[in-house]
Amino acid sequence: MKNVLQMAISAAAVLAGIFPLACQPAGNRQRQDVPERRSVLRLATTTSLYDAGILDYLKVFFEKKYPVRLDIISCGTGIAIEYGKRGDVDILTLHDLELEEMFIKEKHGIRRQPFAYNYFLIVGPPEDPAGIKNLEPADAFAKIKSEAEKNPERIKFVSRGDNSGTYFRERAIWEKAGFDFRNIQKASRWHIETGRGMGSTLMMADEMLAYTLTDRGTFLAYKCHNLAPLCSEGSQLLNMYSAIAVNPKKHQRINYEMAEKFIEFLISEEGQRLIGEYRVSSSDQQIFIPVHKGTGK
Amino acid sequence: MKELAGAFAKAAQLIITFDPQVLEVTFRTLRISLTSTIIAGLLCLPFAGIISFSNHSGKRAFISFIQTLYSLPTICVGLLVFILFSRSGPFGNAGILFTPSAMVIAQIILISPILLGLTISGLSSVDKPVKDTAVSLGASRAQVIWTVIKEARFSVISGITMGFGRAISEVGCAIIVGGNIKGFTRILTTSIALETQRGELELALALGIILLTMALIINLALSIVEEKSR
Amino acid sequence: MIHIRIENLSFSYEKEVLKDISIEIKAGQIFALIGPVGSGKTTLLRLLNLLDSPSSGKICFDDVEISSSPSQKLEMRRKTSLVFQKPVMFNASVFDNVAYPLKLRNYQRRHVREMTERVLEDTGLIELAGRNARALSGGEVQRVAFARAIVTNPHLLLLDEPTANCDRTTINLIEQLTMKLNHETGTTIVLATHAMDVASRLAGTAAVLIDGRVVSTGSIYKILNLTGTELPQTAISCNINGLTF
């Protein structure tokens with residue numbers, strides 16, 4: 001019996017040792033001399049872009065065109081930028097202009113290429129107790145604040161609170177409306193920070209019948225029972241997604257060649273068409289608008 | 001409450017139809033956690049034996065240190081491994097960040113304190129007369145350690161089971177060092193986190209049920225092995 | 001078949017347990033260490049088994065002094081077996097317990113099986129071979145410990161109160177096997193006991209240990225004559241040097 005035990009453990013160890021090797025793709029960087037071996041392109045993206053599912057969709061087409069394995073890491077904007085600075089990824093897709101420009105300015109990235117956009121939405125309970133429907137975003141926020149201060153039990157605003165692109169946009173709108181964001185954050189009776197992703201934040205707003213700022217993609221993908229879009233226009237709500245290739249001179253082994261190819265793919269005619277055509281299963285509304293309409297350049 | 005019922009139904013459906021994504025993710029979870037548990041066991045058991053038998057003055061302090069590490073948050077271990085293996089880090093050239101290998105390493109670091117601590121504890125509870133008997137009957141130092149480990153085998157197997165449990169259930173490490181890359185480093189726990197974040201609660205719970213079922217099967221197998229070895 | 005010479009051996013552990021012991025045990029003898037509880041018999045056996053190190057003095061086996069070298073000690077221990085007063089059973093079957101010393105010495109599986117089975121038969125344990133050794137009675141444990149000690153055909157066998165708390169059958173069995181081992185293979189046997197009858201039945205030579213000192217040595221008859229007793233069947237109290245035990 002002891003021998004059975006010993007054999008079983010040896011077998012398990014051998015299997016466990018072999019399996020990870022056997023099942024990992026033989027992907028290796030910079031092996032373009034052997035065409036069947038795929039190089040690896042690592043992309044860090046904001047969660048809102050990933051959760052809409054479009055990147056997994058585009059990945060299929062991209063991997064057919066080139067001998068590459070596209071590894072997509074979905075994380076907050078803050079972390080994605082950190083990965084880029086450290087050289088742990090080859091390309092970023094973000095939606096925060098200020099941070100992107102700083103990234104390029106600090107020479108962590110080579111080029112910022114916008115490739116798609118949509119609009120943020122201010123969503124809330126359909127009865128709209130604060131009465132913000134169709135207002136300009138800054139006005140809507142101001143109204144939410146004044147109504148919530150009068151009636152914090154009934155009127156609430158749920159915020160990402162996680163240094164994401166959406167969160168930074170929320171802050172920008174508050175500031176456009178003339179408020180110091182730190183004071184808004186302190187008003188925790190009606191301004192609630194979840195520190196979580198868009199889906200979780202929407203879930204909480206859904207439960208609490210509260211207002212929140214969300215990107216269109218996540219909102220369409222997530223089935224909210226109690227929320228409706230109330231404000232969807234205004235330049236403050238423009239949500240532009242851009243891709244940035246990480247600077248290969250700052251770190252070793254950045255797959256710059258493939259990063260460039262992916263950016264080219266995104267703004268090519270094919271890529272732009274795919275972006276425009278993309279739908280989530282639960283809705284046939286367009287989520288992303290390609291930057292080059294019609295003929296891609 | 002209806003989510004729970006729906007979750008069981010969904011879990012059954014995913015299992016019966018051999019849903020390929022769930023299968024892929026489940027096998028990867030098993031592979032990574034089994035590998036890390038086995039390697040951690042091979043490293044920690046002899047080390048625990050040596051510590052248990054030494055009379056070094058720092059032994060007490062070392063054991064306390066190990067027990068403190070039980071409370072190590074998984075995210076902290078993940079951050080540590082990330083910093084070590086990031087391209088900007090000391091071992092960046094290994095190129096293993098965002099691969100299953102990094103996840104194995106992180107899990108080994110995570111569960112080693114548990115394996116060490118519980119094994120040392122189990123070995124210490126084996127009486128000195130047992131050790132004396134082994135020495136007297138002609139056991140070399142290594143053989144004595146092996147004999148005491150076998151005498152304490154129930155504690156040791158408990159420790160291994162607990163280590164495996166921690167490895168297979170952790171999220172923080174896996175997400176940070178693995179990146180939750182679909183088709184490559186996505187495992188059950190990180191899938192659960194992702195689906196929760198997306199609001200797919202039923203699917204998240206269903207995956208949780210599958211995870212528990214798998215852990216149950218493994219624990220049953222371990223206890224059968226333990227029975228047979230009596 | 002090992003010749004033992006102990007010279008000026010002392011051992012202290014919080015207090016002095018053995019004081020300046022000098023004994024010579026010839027190869028192939030059955031030698032008894034007689035003394036009351038606490039006289040240091042067990043300590044002396046442990047020192048002979050190289051489990052502990054003496055505070056001073058030396059032990060020579062076949063005229064080779066034992067140094068502090070671990071490999072030399074291991075080699076000597078592999079030729080010696082000690083049956084403790086309260087033997088410890090491993091949490092395994094009787095068979096595995098008895099086979100244990102053979103496996104330590106890397107005997108082949110086939111030999112392990114043969115030798116273990118033979119010893120189990122000799123000690124009347126073959127029926128219990130599959131049972132967990134921790135579930136046995138006191139007498140059965142003693143037999144298993146004895147079997148485990150002799151399965152390797154040791155050159156030196158050390159027995160610490162081997163038949164204390166045993167039933168009559170076990171006592172007879174162990175005594176017979178001890179004598180058989182000595183006659184057939186010439187194994188040197190050192191037997192620690194407080195029971196005069198056991199010592200007289202088995203041993204040819206003896207030393208009396210009181211309070212850590214050797215008070216007399218010589219043939220068993222001489223020792224027993226000193227006490228002025230016949231050869232009793234049961235242990236009765238004796239008087240040596242004014243001390244009763």
Side-chain angles (χ1 to χ4, degrees), chain B residues 41 45-57 59 115 118-162 222-230, chain C residues 42 45-53 70-93 96-107 130-135 141 144-160:
Chain B
L45 252 54
F47 191 36
I50 294 173
I51 294 184
S52 189
F53 285 106
S54 83
N55 289 314
H56 199 266
S57 55
K59 182 173 160 182
L115 284 180
L118 290 181
T119 305
I120 292 177
S121 183
L123 294 179
S124 306
S125 66
V126 173
D127 310 61
K128 188 166 182 297
V130 170
K131 187 181 150 200
D132 272 353
T133 303
V135 173
S136 161
L137 290 170
S140 66
R141 186 136 186 262
Q143 286 172 325
V144 172
I145 293 181
W146 179 235
T147 302
V148 173
I149 287 180
K150 277 190 7 192
E151 282 295 291
R153 60 183 172 272
F154 303 121
S155 305
V156 171
I157 290 186
S158 288
I160 293 181
T161 308
M162 196 165 284
L222 271 173
S223 65
I224 290 178
V225 160
E226 185 197 56
E227 270 300 310
K228 287 263 166 70
S229 71
R230 270 189 210 241
Chain C
T42 302
L45 287 186
R46 283 179 65 98
L47 286 171
L48 283 175
N49 195 203
L50 309 176
L51 289 179
D52 299 319
S53 296
S71 52
Q72 186 198 32
K73 286 187 176 177
L74 179 64
E75 204 193 312
M76 191 58 223
R77 264 192 241 115
R78 286 207 170 156
K79 296 185 196 156
T80 314
S81 285
L82 166 59
V83 179
F84 291 86
Q85 194 166 356
K86 292 201 178 76
V88 170
M89 294 287 107
F90 296 127
N91 192 353
S93 68
D96 285 334
N97 265 277
V98 176
Y100 177 77
L102 298 172
K103 290 182 186 162
L104 288 179
R105 293 156 174 78
N106 290 320
Y107 277 67
R131 282 258 294 264
N132 187 298
R134 293 225 171 144
V141 164
V144 175
F146 191 80
R148 190 168 63 184
I150 64 174
V151 72
T152 53
N153 292 320
H155 298 218
L156 169 62
L157 181 62
L158 308 167
L159 303 171
D160 195 355

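- Of the two parts of C:Phe84, only the side chain, counted from C-beta on, holds a non-hydrogen atom closer than 4.5 Å to a non-hydrogen atom of chain B.
- The CG atom of C:Asn91 lies 11.0 Å from the NZ atom of B:Lys150; values are rounded to the nearest 0.5 Å.
- Of the listed residues (B:Val126, B:Val130, B:Leu137), the greatest number of heavy-atom pairs within a distance under 4.5 Å of chain C belongs to B:Leu137.
- Here the CZ atom belonging to C:Arg148 is positioned 5.5 Å from the OG1 atom belonging to B:Thr133, to the nearest 0.5 angstrom.
- Contact of C:Thr80 with chain B is made through the backbone alone, with heavy-atom distances under 4.5 Å.
- With a 6.0 Å radius and a threshold of 12 heavy atoms from other residues, nucleotides or ligands, C:Arg134 has its CZ atom above the threshold.
- Here OG of B:Ser136 is found 4.0 Å from CG of C:Asn49. Values are rounded to the nearest 0.5 Å.
- Contact annotation for C:Leu51: only side-chain heavy atoms (C-beta onward) come within less than 4.5 Å of a heavy atom of chain B.
- Atom NZ of C:Lys86 is surrounded by 12 or fewer heavy atoms from other residues, nucleotides or ligands within 6.0 Å.
- The two residues B:Gln143 and C:Tyr100 have their closest heavy-atom pair at O-OH, 4.5 Å.
- Between the side chain of C:Arg105 and the main chain of B:Gly138, no donor-acceptor pair closer than 3.5 Å is present.
- To the nearest 0.5 Å, the span separating OG on B:Ser140 from CZ on C:Arg77 amounts to 9.5 Å.
- For C:Met89, the part sitting under 4.5 Å from any heavy atom of chain B is the backbone (N, CA, C, O) and nothing else.
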